[in-house]
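Just so you know, these numbers use all the heavy atoms, side chains as well, and skip hydrogens, waters and symmetry mates. Below, read A as the first sequence line, B as the second, and so on, with proteins coming before strands; counting in each chain starts at 1.
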Protein chains: 2
Amino acid sequence: MYAGGVNTPDRLIESTRELLWERGYVGTSPKAIQQHAGAGQGSMYHHFRGKPDLALAAINRTAEEMRAKAETEFTGPGSAIERITAYLRRERDVLKGCPIGRLTQDPDVMADRVLRQPVEQTLAWLRAQLAAILTDGRKRGEFDATLDPTATAATIVAVLQGGYVLARAARSTDPFEQAVNGILTLLAGHSPKRTP
Amino acid sequence: MYAGGVNTPDRLIESTRELLWERGYVGTSPKAIQQHAGAGQGSMYHHFRGKPDLALAAINRTAEEMRAKAETEFTGPGSAIERITAYLRRERDVLKGCPIGRLTQDPDVMADRVLRQPVEQTLAWLRAQLAAILTDGRKRGEFDATLDPTATAATIVAVLQGGYVLARAARSTDPFEQAVNGILTLLAGHSPKRTP
DNA sequence: GTCTATATCGAGATAGAC
DNA sequence: GTCTATCTCGATATAGAC
C-alpha cells in the first residue's frame with residue numbers, strides 16, 4: 001500500500017514498478033496494482049488507459065532512475081577501473097535482480113515496440129558508457145592494447161545481469177559477488193604494469 | 001504441433017518445454033500446451049496431475065539435456081581455456097536465451113521448492129564444473145596464481161546468462177558475442193606466459 | 001486413454017452513477 | 001476523480017461418458 005507516491009497516479013506508477021520488478025508484466029494484474037496502490041478500479045482507468053499504458057510509465061521511470069544512478073558513478077572521480085569498481089560494487093538489491101533486465105524475459109513486453117524501447121535503450125546506453133570509460137582508461141595507460149572496449153563493456157554488463165540470475169537461482173548474493181570479483185580481477189590483470 | 005514427441009505424454013512434455021522457454025511458467029497455460037501438443041484436455045489431465053506436475057517433467061528434462069551438452073565440452077580434449085572456449089562458443093539459440101536461467105525470473109517457479117530445485121542445481125553444477133576446469137588449468141600453468149577459480153567460474157556463467165539478456169534486449173546476437181569475446185580476451189591475459 | 005460438459009475464479013476492461 | 005455494476009474471456013481444473 002501507498003507505494004511511495006503522493007497522489008493517485010504516482011502511487012499507481014510506483015506500485016506498478018514494484019510489481020513489475022517482482023512478478024514481471026505477465027504476472028502483474030491491474031487488480032493487484034490497484035490493491036497495492038490503494039486505488040479503486042475506476043480510479044486507475046481514469047488516469048491510465050490500461051495495463052500497457054501504466055506499465056510504460058513505470059518502465060520509463062525505472063529506466064530513468066537507473067541511468068541517473070549509473071551516471072553518478074560513471075562521471076565520478078578516479079581512474080577508469082575505480083569508476084567501474086564503484087559501479088559494480090554499488091549497494092544493490094541483488095536477490096531482486098535488475099528491474100530492466102528482467103523485462104527481456106517478458107514476452108508481452110518484448111512483443112510491444114513501445115514497451116520494449118526503454119529496455120533496449122537503457123542496456124545499450126550502459127554498454128556505450130562503459131565502453132567510453134574503458135577507451136578513456138586505455139588512453140591513460142590503465143589497460144594494455146589488447147583490451148577491446150566495446151567487447152569488454154558488453155562483458156561487464158553481462159556479468160551484472162548474469163550475476164543476478166545466479167544469485168536468484170542460489171537464493172544467495174554469493175555468486176553475484178564472486179562474479180563481480182572475478183571480472184575485476186581479470187580486468188586488473190590487463191594492466192600493462194603487471195609483472196607476470 | 002507434434003513437438004518432437006512420440007507418444008502423448010512425451011509430446012506434452014516437449015510442448016511444455018518449448019512454451020516455458022518462450023513464455024515462462026506464468027505465461028504458459030494448460031490450454032496452450034494442449035493445443036501445441038495436439039492433445040485434448042482430458043488427455044493431459046490423465047497423464048499429469050496439472051500444470052506444476054507437467055512443468056516439473058519439462059524442467060527436469062531440459063536441465064538434464066543442458067548438463068549432458070555441457071559435459072561433452074567440459075570433458076572434451078584440449079587445455080582448460082580450449083574447453084571453456086568450446087563451451088562458450090558452442091552453437092546456441094542466443095535470442096531465445098537460456099531455458100533454465102529464464103526460470104529464475106518466474107515468481108511461481110521460484111516460490112515452489114520442487115520446481116526451483118533443478119534450476120538451482122543446474123546452475124550450481126555449471127559453476128562447480130567450470131571451477132574444476134580452471135583449477136586444473138592453473139595447475140598446468142595456464143593461468144597465474146591470482147586467478148580465483150570459484151570467482152572466475154561464476155563470472156563465466158554470468159557472462160553467458162547476461163549475454164542472453166543483452167542479446168534479447170538488442171534483438172541481436174552481437175552483444176552476446178562481444179561479451180564472450182571480452183571474457184575470453186581477459187582470460188587469455190591471465191596467462192603467465194604473457195609479456196606485457 | 002480420450003472426449004465433452006461443467007464449474008470457479010481472475011484478468012482486463014467499459015459504463016454510468018455519484 | 002472515484003465508486004460500483006456489469007461484461008467477456010481465459011486459466012485451471014473436475015466429472016463422467018465413451
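- Closest of all the heavy-atom pairs between A:V159 and B:A158 is O-CB, 3.7 Å.
- Residue contacts shown for B:G42 include a base, since a base heavy atom lies under 4.0 Å away.
- Note that CD1 of A:I100 and CH2 of A:W21 are 10.5 Å apart. Values are rounded to the nearest 0.5 Å.
- Residue A:K31 places no side-chain N or O under 4.0 Å from the OP1 or OP2 atom of C:dA11.
- The distance from atom CG of B:D53 to atom P of D:dT14 is 12 Å, rounded to the nearest whole Å.
- The interatomic distance linking A:Q35 (CD) with C:dG12 (P) rounds to 13 Å, in whole Å.
- In this entry the distance linking CG of A:N7 with P of D:dG1 reads 10 Å, nearest Å.
- Here C:dT4 presents its P atom at 16 Å from CE of B:M44, a figure rounded to the nearest Å.
- Phosphate contact (OP1/OP2 of C:dT2, side-chain N/O of B:H47, threshold under 4.0 Å): present.
- A salt bridge between A:E14 and A:R17 is present, with a side-chain N of the basic residue lying under 4.0 Å from a carboxylate O of the acidic one.
- Look at NZ on B:K51: it is 15 Å from P on D:dT14, rounded to the nearest Å.
- With salt bridges taken as basic N to acidic carboxylate O contacts below 4.0 Å, one links B:D108 and A:R23.
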Criterion side chain to side chain contact (heavy atoms under 4.5 Å, CB included) on A:F74 and A:L126, from CA distance to verdict: CA-CA 10 Å; A:F74 291 162; A:L126 265 182; 3.8 Å; yes

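- If you check D:dT12, C:dA13, D:dG1 against the side chain of A:P52, the one that comes closest is C:dA13.
- One finds a side-chain N or O of B:T8 lying less than 4.0 angstrom from the OP1 or OP2 phosphate oxygen of C:dT2.
- Rounded to a whole Å, the CD atom of A:Q41 is 16 Å from the P atom of C:dG16.
- We find that CD1 of A:I33 is positioned 10 Å from P of C:dA11, with the value rounded to whole Å.
- C:dT14 atom C1' lies 14 Å from atom CZ of A:R49, rounded to whole Å.
- Nearest to the side chain of B:P30, among D:dA11, D:dT14, C:dG12, sits D:dA11.
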